[in-house]
Amino acid sequence: MSDLSRRDYLTLAGGAGAMSVFAAGDETDRARRMQWWHEAKFGMFIHWGLYSVLGRHEWVMEQEGIPVAEYEPLAKKFVPKPMPMRDWARLAKRAGMKYMVMTTKHHEGFCLFQSKLTSYCAPERGAGRDLVKEYVECARAEGLRVGFYHSLMDWHHPDGARCATDEAARRRFVDYIHGQIRELLTQYGKIDILWYDVAWPLDAAGWESEKMNKMVFGLQPDIIVNNRNKLPGDFSTPEQRIEAAKGAAWEACMTMNDSWGYHAADDAWKSPKTVVRNLVTCARQGGNYLFNIGPKGDGSIPEESVKILTAVGQWMDRNAPTVRGADPCRVSRSNYCGFTRKGNTLYVHVHFWPGETVTVAGLTTKVKSAKLFASGKPVKFVQDDWRVRLTGLPAAAPDSPVTVLALECDGEPLQDTDRVRREKPRGGV
Ligand code: GLC
């Protein structure tokens, strides 16, 4: 991390107090812990809980004003088929993803794991078994890293809201949540990611977030944590949008339709092309893409999600190296291409195929050779001060949903499109 970005990070962390969680030497330690994650770029988010039985979005309890007493009996109906996570993990691997993050408890308060702190958990209700244990086993079986999402906010716990105004309630509730995190990080071996969510209604002091992170790192020295317990953590979490964090790691999380949890009627599916484009946009700016599935109550994955991720996986079979392990890339402007980079190689991801010629404006680095990445076929090109034109290409896109061209350059590929605007010879009239 450069000095500048380190300074940005410190500012972001809110000064020395907040930084004490990551005391001296921790930048090196963070780089060590996060190396695999930076390399991975692509992960699967899984939202699964009692709301999956209803199939009307994971916020259904709140959005439809369902009282706890009426919602709770869903726990009897949540009886998943054996090891459905095997299919999730296989699909994730098929799609070129390298890690998974599953909801161990969403805002509804129902725990998918064995907890000694509540009986509102899968092993003690309809499911009769520890679903987190199954999930961990299935993810590991496919060689995927394991992440736990855990919502701090809890609509079921009696202290979940009054903890904001009642100190005794806060004490009980914070002990409950810290205790559950301890359970999660001691019952299943090595865990790679802890993904906190929604800290309402407390702030970092109220949650005792520093203590929380210290406990987490004490139990799992290699783990990485996100920023949703009101501390900056190891990475930030722009939601439903791609927004690079300055000088800090980030991961854009996104739904496949418009819901995180299973929503039977939500048909706002993203196309495989949109998914690939988003992944490329994240990789270009040094970020990760955490892409969600919302399995049904029985654990089966909606058919459309399988189709979309399978198509993405077929593209990844041919093109994953242009994304995975990519370095941040400073070339960005085009109306029909996205870009990634590895060292001096620029990958031009053409999502709207223009025909025989693909043009990139303002490259200030000299191109030495060009090829179609998937087939390895050489591509002719001409480069002048204003643009590089890749010529003699097929009229129709050779790959789908995005065709990747690899341009070997004589230094880090850089682009100055402003110069094109400023200095371009204005010919003719
Ligand atoms: C939000 C939502 C939640 C979802 C999460 C994913 O915080 O409340 O439903 O789990 O974002 O990032």
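Numbers here are sequence positions counted from 1. One-based numbering, in listed order, for ligands and for the atoms of each.
- If you look at Tyr336 and Trp353, their ring centroids are not closer than 6.0 Å.
- With respect to the salt-bridge test (charged N to carboxylate O, under 4.0 angstrom), the residues Glu39 and Arg324 do not qualify.
- Counting heavy atoms from C-beta on, the side chains of Lys133 and Phe113 never come closer than 4.5 Å.
- Side-chain atoms of Tyr196 and Asn226 include no donor-acceptor pair closer than 3.5 Å.
- Around ligand 1, the residues contributing at least one heavy atom under 4.0 Å from the ligand are Phe45, His47, Glu58, Trp59, His106, His107, Tyr149, Trp195, Asp197, Val198, Arg228, Glu239, Cys253, Trp260.
- With hydrogens and angles left out, the side-chain atoms of His263 and Glu58 include no donor and acceptor closer than 3.5 Å.
- Listed by first and then second residue, the salt bridge (Lys or Arg N to Asp or Glu O under 4.0 Å) pairs that reach into residues 145-159 are Lys105-Asp154, Arg145-Asp192, Asp159-Arg162, Asp159-Arg172, sequence neighbours excluded.
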